[in-house]
**Q** 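Take a look at the following structure, please.
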Amino acid sequence: MSDHFIAPVADGASVAGASATPATPVSAASGPASAPVVPVAAYEPPYYAVVFTSVKTEEGGRDGVAGGYGETNERMEELVEKIPGYLGMDYAGSPGGLSITVGYFRDADAVEEWRTNAEHRAAQKRGRAEWYERYSLHVAKVERSHGFEREHG
């Protein structure tokens, strides 16, 4: 068991110790109840993490489904997965309404493509108008990455 697992790079080429297929995360809000919750695997740095932390309005549905939020969120997940260089997404939400989504991207070009996507821009505008009480966004270059997974069996 190693804590230096490095997942394949976005183009499908892998690096030493990499899994052939990185784990696909299941968000608590959208994934089936029986599916395991799995964090996005560690990738070979450098890559980028886009951290979106938010609190929804009452009208936006703190449960994440009211007012069209759920459908829009699903559409955004479909769109971001098509961005070359998109590596995956982690999501966590607290009972008090704080949500944190971290998207991982191979390079700054992938981050920029996502930031400027027309449907994403429209969803951002609607989010400010309807769904979010407040949010913060942080874009960071990941310089070190590792993971751990307990062996079962």
Side-chain angles (χ1 to χ4, degrees), residues 1-32 35-57 60 62-65 69-128 131-150:
M1 168 167 45
S2 169
D3 67 347
H4 295 289
F5 173 85
I6 300 295
V9 294
D11 65 4
S14 60
V15 294
S19 165
T21 55
T24 302
V26 176
S27 88
S30 64
V37 176
V38 179
V40 172
Y43 283 86
E44 182 67 36
Y47 58 95
Y48 288 82
V50 177
V51 183
F52 181 72
T53 306
S54 65
V55 176
K56 292 184 193 76
T57 62
R62 294 192 189 251
D63 60 2
V65 295
Y69 181 87
E71 295 85 7
T72 302
N73 187 56
E74 285 179 24
R75 177 63 181 149
M76 293 303 103
E77 288 180 14
E78 290 172 8
L79 284 176
V80 74
E81 289 173 359
K82 295 177 183 175
I83 302 283
Y86 170 74
L87 301 173
M89 179 186 322
D90 287 322
Y91 168 82
S94 74
L98 182 71
S99 296
I100 301 171
T101 302
V102 183
Y104 302 95
F105 297 85
R106 172 55 47 207
D107 53 38
D109 291 340
V111 173
E112 183 66 10
E113 184 171 340
W114 178 235
R115 186 185 75 80
T116 60
N117 176 281
E119 279 189 73
H120 184 215
R121 298 291 288 191
Q124 291 170 340
K125 185 175 181 178
R126 189 170 178 197
R128 286 188 297 274
W131 300 319
Y132 296 114
E133 185 68 35
R134 63 184 47 89
Y135 68 81
S136 60
L137 179 76
H138 308 276
V139 179
K141 187 173 187 179
V142 176
E143 296 181 1
R144 189 174 69 137
S145 183
H146 68 275
F148 166 83
E149 184 172 340
R150 184 173 309 282

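Hydrogens, waters and symmetry mates are skipped; everything else that's a heavy atom, side chains included, is used.
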**Q** Does Thr57 form a side-chain contact (heavy atoms from CB on, under 4.5 Å) with Tyr69? I'd like the steps, not just the answer.
**A** CA-CA 11 Å; Thr57 62; Tyr69 181 87; over 6 Å; no

**Q** Between Asp90 (side chain only) and Val102 (backbone N and O only), is there a donor and an acceptor less than 3.5 Å apart?
**A**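 Here the side-chain-to-backbone pair does not exist.
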
**Q** Tell me whether Arg128 contacts the main-chain N or O of Arg134 through its side chain, where contact means a donor paired with an acceptor under 3.5 Å.
**A**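 No.
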
**Q** Tell me whether Tyr43 contacts the main-chain N or O of Leu87 through its side chain, where contact means a donor paired with an acceptor under 3.5 Å.
**A**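 At least one qualifying donor-acceptor pair exists.
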
**Q** Can a donor-acceptor pair be found, under 3.5 Å and without considering hydrogens, that links the side chain of His120 to the backbone of Trp114?
**A** yes

**Q** Testing Glu119, Glu113, Arg115, Arg121 for side chain to side chain contact (heavy atoms under 4.5 Å, CB included) with Asn117, which one passes?
**A**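 Answer after filtering Glu119, Glu113, Arg115, Arg121: Glu119.
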
**Q** For residues Gly147 and Ala42, report the shortest heavy-atom separation together with the two atoms involved.
**A** N-CB, 3.9 Å

**Q** More than 12 foreign heavy atoms under 6.0 Å from CD of Glu143: is that the case here?
**A**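 No, the 6.0 Å shell around CD holds no more than 12 heavy atoms from other groups.
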
**Q** Supply the atom-to-atom distance Leu98 CG to Ser54 OG, rounded to the nearest 0.5 angstrom.
**A**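 Interatomic distance, Leu98 CG to Ser54 OG, rounded to 0.5 Å: 7.0 Å.
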
**Q** Any idea which heavy atoms bring Trp131 and Ala123 closest together, and the distance?
**A**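 Distance-wise, the nearest heavy atoms are CZ3-O, 3.9 Å.
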
**Q** What's the shortest heavy-atom distance between Ala108 and Tyr48, and which atoms?
**A**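 The pair with the smallest heavy-atom distance is N-CE1, 3.4 Å.
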
**Q** What pair of heavy atoms forms the shortest contact from Tyr47 to Phe105, and how long is it?
**A**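 Scanning both residues, the minimum pair turns out to be CB-O, 3.2 Å.
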
**Q** Just verifying a value: how many Å separate Arg106 CZ and Tyr86 OH, rounded to the nearest 0.5 Å?
**A**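 If we round to the nearest 0.5 Å, Arg106:CZ and Tyr86:OH are 14.0 Å apart.
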
**Q** For the atom pair OG1 (Thr72) and CZ (Arg75), what is the distance rounded to the nearest 0.5 Å?
**A** 10.5 Å

**Q** Where do Ala110 and Pro84 come nearest, in terms of heavy atoms and distance?
**A** CB-O, 3.4 Å

